Amino acid sequence: MNLPDKPTIDGLPDKWAQRWESERVYRFDRAAPRERVFAIDTPPPTASGELHVGHVFSYTQTDVIARYQRMRGKAVFYPMGWDDNGLPTERRVQQFFGVRCDPSLPYDPGFDPPEKPGRNQVPVSRRNFIELCERLTARDEEAFEQVWRLVGLSVDWSLLYTTIGARARAVSQRAFLRALDRGDAYPAQAPTLWDTTFRTAVAQAELEDRDRPGAYHRLTFHPDAAGTGPITVATTRPELLPACVALVAHPDDERYRPLFGATVRSPLFGARVPVLAHRLADPAKGTGIAMVCTFGDTTDVIWWRELDLPTRPVLGFDGRFLADAPDGLSSDGRAAYASLAGTTVHTGRERITALLRERGELLGAPEPITHPVKFYERGDKPLEIVSTRQWYIRNGGRDDALRDRLRERGQELTWQPPHMRTRYEHWVNGLAGDWLISRQRFFGVPIPVWYPLDAEGLPEHDKPITPAEQALPIDPSSDTPPGYTEDQRGRPGGFTADPDVMDTWATSSLTPQIAGGWGFDDDLFARVFPMDLRPQSHEIIRTWLFATVLRGHTEHDTLPWRTASIAGWILDPDRKKMSKSVGNVVTPLGLLAEHGSDAVRYWAAAARPGADTAFDTGQMRVGRRLAMKILNATRFVLGLGDPAPDATITEPLDRALLAALQPVLTEATAALDAYDASRALDAAERFFWLFCDDYLELVKVRAYGQHGPAAADSARLALRTALSALLRLLAPVLPFVTEEAWSWWQPGSIHQAAWPTLAELDGLAGDPAPLAAATAAIEAVRRAKSEAKVSMRTPLRALTVPEDDAFSLIERDVRDAGVIDSITRHASPAYLARL
């Protein structure tokens with residue numbers, strides 16, 4: 001043994017992270033049979049900006065499970081991925097380099113971004129823009145890896161993947177083409193939720209409601225039939241009046257039943273629109289009759305579809321009013337519309353409101369309200385609904401049989417904690433349409449489709465051209481389809497590429513297939529799929545978890561993993577979720593440096609599964625104290641000297657300690673089998689402090705040899721037996737300090753050692769009662785000396801103890817530890833100490 005003079009936790013992460021990598025401690029055994037494999041579908045963090053402490057929190061909880069399973073003899077498949085495509089990366093590149101993508105520009109092989117980005121972003125070609133995305137994500141990913149190594153994640157870095165890498169692109173495109181062949185993927189021209197800032201479609205799973213100020217404007221519609229008075233309609237979107245195609249009231253609303261089937265004229269624009277009945281109209285909202293516009297919100301889309309209404313689009317992809325008035329307006333209405341052309345929604349609302357007031361069609365002043373408005377979760381402006389051609393994947397939103405089957409899949413899945421399944425079921429039950437997967441962006445996996453051009457150069461969308469799977473990955477914007485040459489691109493009789501890329505979730509939903517080598521390494525895929533564990537946070541159950549279940553079901557007819565372990569959020573001091581978008585996050589490097597990696601891991605592992613947890617540096621300080629105590633206690637125990645080779649554990653107190661260890665092993669093992677690191681840590685930590693504060697003090701004199709070699713060997717062997725088990729119990733949570741302590745006296749890595757079991761204590765454990773009696777006695781001694789404010793080594797005149805056979809077995813150890821002159825017995829159960 002080479003014991004340090006003064007143990008320290010400083011420097012341990014760098015020391016052991018390098019050694020673990022060089023010694024391949026965490027490499028996956030590709031020859032392991034499937035029954036010995038434990039496979040984890042690791043969430044790939046978005047590789048833009050910096051990791052924050054919330055990442056460390058959730059990934060540490062997963063790492064504890066990975067380390068535990070490895071010690072249980074499993075070949076742990078534990079990859080790391082970077083989610084590096086999509087809007088977050090594009091936005092960061094725009095801000096970092098001061099550029100914007102203009103696909104109409106040619107590629108400039110010598111382009112260098114501005115040294116100091118200005119307020120006006122420099123336009124660059126799509127290829128130049130993608131190269132900048134790749135450059136920045138590579139830098140971010142290198143920094144991310146450094147953090148993860150300091151945190152001590154036991155991932156196999158040789159399995160690293162990215163969601164924009166060649167394998168990920170090929171897997172995503174392969175799954176898309178197979179879904180297309182099955183009829184699960186399809187294009188459609190339909191109303192689409194549209195973010196006008198990013199100029200892209202948005203899926204249902206990416207929506208969030210935000211309360212915004214608005215106002216009810218009361219407008220007058222005039223019936224065509226004589227003898228009927230005007231109809232007052234309250235709307236929060238008067239600017240969409242030229243897009244109005246109907247008025248809708250509830251079928252049972254007596255106020256409007258006589259009007260059903262009649263037509264009215266819209267104010268200002270003179271469009272003839274029908275008055276119809278529909279169950280979704282709310283008699284208590286506004287005036288009870290709603291204006292159906294194409295399109296103001298998702299309810300408009302439902303009414304438009306179910307009532308078979310025409311469309312009168314007025315907003316373009318940029319969120320401004322179109323140049324040309326829609327069909328169906330009167331001549332005066334067209335003239336009124338001319339004042340709107342090219343304006344923003346805000347300006348359009350102001351101009352229409354002014355015109356309505358001028359013509360007497362606006363009743364009273366607008367009534368201020370606050371109401372929920374739909375936003376893209378990463379966007380800054382309210383979403384609009386425009387009609388676009390997009391790609392969809394069937395997800396049960398329009399197929400009750402598929403919806404029911406996906407609900408059953410959720411019931412087949414093991415959830416930790418179990419109540420999280422409810423969130424999945426709510427999402428499945430609330431699906432309002434199929435999954436929109438196409439995005440009008442640049443840095444993503446391209447839709448692998450071309451279209452032939454007819455004699456006039458127009459694309460024939462109903463005749464898509466697809467590549468062979470062997471050719472994947474492809475980029476239709478630069479690769480040519482089978483049977484064509486590059487000089488036919490964009491020419492009549494030639495071809496054109498689908499311009500869109502896939503939603504990032506369309507790739508991330510295939511992380512088990514990407515990491516497992518689907519289509520690339522069939523032997524590996526057979527060993528790891530379906531995987532054992534999906535760890536993730538609860539807010540992306542509706543996106544990542546659901547979409548991955550969908551892909552596993554439709555492509556492989558199975559769940560993609562057996563268990564989903566759901567982590568909670570990290571909350572700031574105001575009990576708000578820590579989020580980069582909110583700006584209230586704490587980055588981990590400072591915490592790791594100040595408190596130590598094991599201390600930060602301790603805080604993360606101590607949280608209850610699935611529970612939102614407060615950011616707490618106080619808990620980290622507790623973890624640092626524990627880490628230091630592990631080193632000091634190990635050094636002390638080993639410094640007592642080796643027990644004789646033939647030593648046995650004979651003393652009652654020593655055997656009682658090992659008896660007390662047995663339920664700890666059982667509880668910690670059961671907890672980690674149930675993915676509950678906090679309960680396992682609590683059990684191990686309670687025993688560790690009993691071991692250090694009570695048992696070690698009780699046997700110290702005997703372990704030094706003052707009562708003979710046999711008694712000393714019994715103590716030393718019991719100390720080492722318990723210490724070995726404790727280090728292994730704590731190793732998944734505190735990997736650096738336990739590895740350091742283990743290295744002082746054991747060969748190999750503790751993380752490749754066997755998990756402690758009851759079998760190790762067979763024949764060694766005795767009756768636990770002597771330990772309980774000894775700890776009660778020594779606590780009474782400490783209390784008396786503490787109240788007297790004297791040193792713990794101050795002699796105690798007398799200790800009175802209960803009449804207890806167990807105490808007689810450990811009286812010598814108690815007398816030594818307490819420095820006690822006299823011990824007497826009485827009938828009371830109390831322990832009484834007198835100085």
Side-chain angles (χ1 to χ4, degrees), residues 41-44 81 83 86 163 168 171-188 201-207 390-415 420-439 444-445 447-448 501-516 518-519 525 529-531 533-566:
D41 181 19
T42 320
D83 190 6
T163 59
V171 167
S172 301
Q173 291 179 338
R174 182 187 193 196
F176 173 85
L177 293 175
R178 292 193 173 194
L180 185 62
D181 287 343
R182 291 193 303 267
D184 288 340
Y186 65 92
V202 176
Q204 181 184 355
E206 299 169 307
L207 303 181
Q390 303 288 345
W391 284 96
Y392 296 83
I393 287 181
R394 301 186 193 282
N395 67 354
R398 302 185 187 282
D399 182 338
D400 288 342
L402 178 57
R403 188 197 301 264
D404 291 343
R405 192 68 189 95
L406 291 172
R407 192 184 298 110
E408 291 169 2
R409 289 294 190 195
Q411 294 167 351
E412 295 167 12
L413 182 63
T414 299
W415 295 82
M420 288 293 178
R421 189 182 77 189
T422 302
R423 300 195 182 200
Y424 173 88
E425 292 177 344
H426 284 171
W427 175 252
V428 175
N429 292 336
L431 287 168
D434 286 332
W435 178 15
L436 189 158
I437 66 159
S438 50
R439 295 292 182 272
V445 177
I447 303 285
V501 298
M502 295 185 202
D503 164 28
T504 186
W505 293 113
T507 297
S508 295
S509 63
L510 295 163
T511 50
Q513 292 86 343
I514 295 167
W518 179 51
F525 191 65
F529 187 87
M531 295 189 173
L533 177 63
R534 153 61 71 83
Q536 65 165 76
S537 58
H538 51 70
E539 81 275 14
I540 51 174
I541 288 174
R542 61 180 182 156
T543 49
W544 193 36
L545 189 145
F546 170 74
T548 312
V549 169
L550 172 68
R551 306 304 281 270
H553 171 73
T554 56
E555 187 62 50
H556 307 284
D557 193 25
T558 185
L559 281 171
W561 1 258
R562 298 176 177 86
T563 300
S565 179
I566 310 300

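All figures in this text were calculated on a predicted structure; none of them were measured in a lab.
Counting all heavy atoms, side chain and backbone alike, D83 lies closest to S508 at OD2-OG, 3.5 Å. Listed here is the closest heavy atom pair of P560 and P512: CB-CG, 4.2 Å. The nearest pair of heavy atoms linking A168 to T507 is CB-CG2, 4.3 Å. Here the closest heavy-atom approach between residue G516 and residue M531 is recorded as N-CE, 4.4 Å. Shortest non-hydrogen contact noted between Q390 and A201 is NE2-CB, 3.6 Å. Minimum heavy-atom separation, L545 to A564: CD1-CB, 3.8 Å.
With hydrogens and angles disregarded, no donor-acceptor distance shorter than 3.5 Å links the side chain of R562 to the backbone of L413. With hydrogens and angles ignored, the 3.5 Å screen pairs a side-chain donor or acceptor of W415 with a backbone N or O of G410. Checked by atom type and distance alone, the side chain of R403 never pairs as donor or acceptor with a backbone atom of R398 at under 3.5 Å.
The shortest distance between side-chain heavy atoms of D399 and R394 does not fall below 4.5 Å. Between T558 and H553 there is no side-chain heavy-atom pair separated by less than 4.5 Å. Within the 4.5 Å cutoff, side-chain heavy atoms of W561 are placed close to those of V549. Between R423 and M420, the closest side-chain pair of non-hydrogen atoms falls below 4.5 Å. By the 4.5 Å heavy-atom criterion applied to side chains, P530 and L559 are not counted as neighbours. Counting only heavy atoms from C-beta outward, the side chains of R542 and H426 never approach each other to under 4.5 Å. Two residues are said to be in side-chain contact when any heavy atoms from C-beta on lie closer than 4.5 Å; T511 and R534 meet this criterion. No side-chain heavy atom of T554 sits less than 4.5 Å from a side-chain heavy atom of I393.
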**Asked** Passes side-chain contact (heavy atoms from CB on, under 4.5 Å), S565 versus L533? Steps please.
**Response** CA-CA 7 Å; S565 179; L533 177 63; 3.7 Å; yes
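Between T163 atom OG1 and I514 atom CD1 the span is 7.0 Å, to the nearest 0.5 Å. Taking CG from D503 and CZ from R439, the interatomic distance works out to 4.0 Å, rounded to the nearest 0.5 Å. In this structure, L402 CG and L431 CG are separated by 9.0 Å, a value rounded to the nearest 0.5 Å. Interatomic distance, CH2 of W435 versus CZ of R551, reported as 5.0 Å (0.5 Å rounding). The distance from atom CZ of R182 to atom CG of L177, rounded to the nearest 0.5 Å, is 11.0 Å. Put simply, OH on Y392 and CD1 on I437 are 11.0 Å apart, with the number rounded to the nearest 0.5 Å.
Between F546 and W427, the ring-plane angle classifies as perpendicular under the 30° and 60° cut-offs. Ring-plane geometry between H556 and W518 is classed as perpendicular, the angle between the planes exceeding 60 degrees on a 0 to 90 degree scale with a lower cut at 30.
In summary, D404 and R407 engage in a salt bridge, as defined by a charged side-chain N under 4.0 Å from a carboxylate O. Between E412 and R405 there is a salt bridge, with a side-chain nitrogen of the basic residue lying less than 4.0 Å from a carboxylate oxygen of the acidic one.
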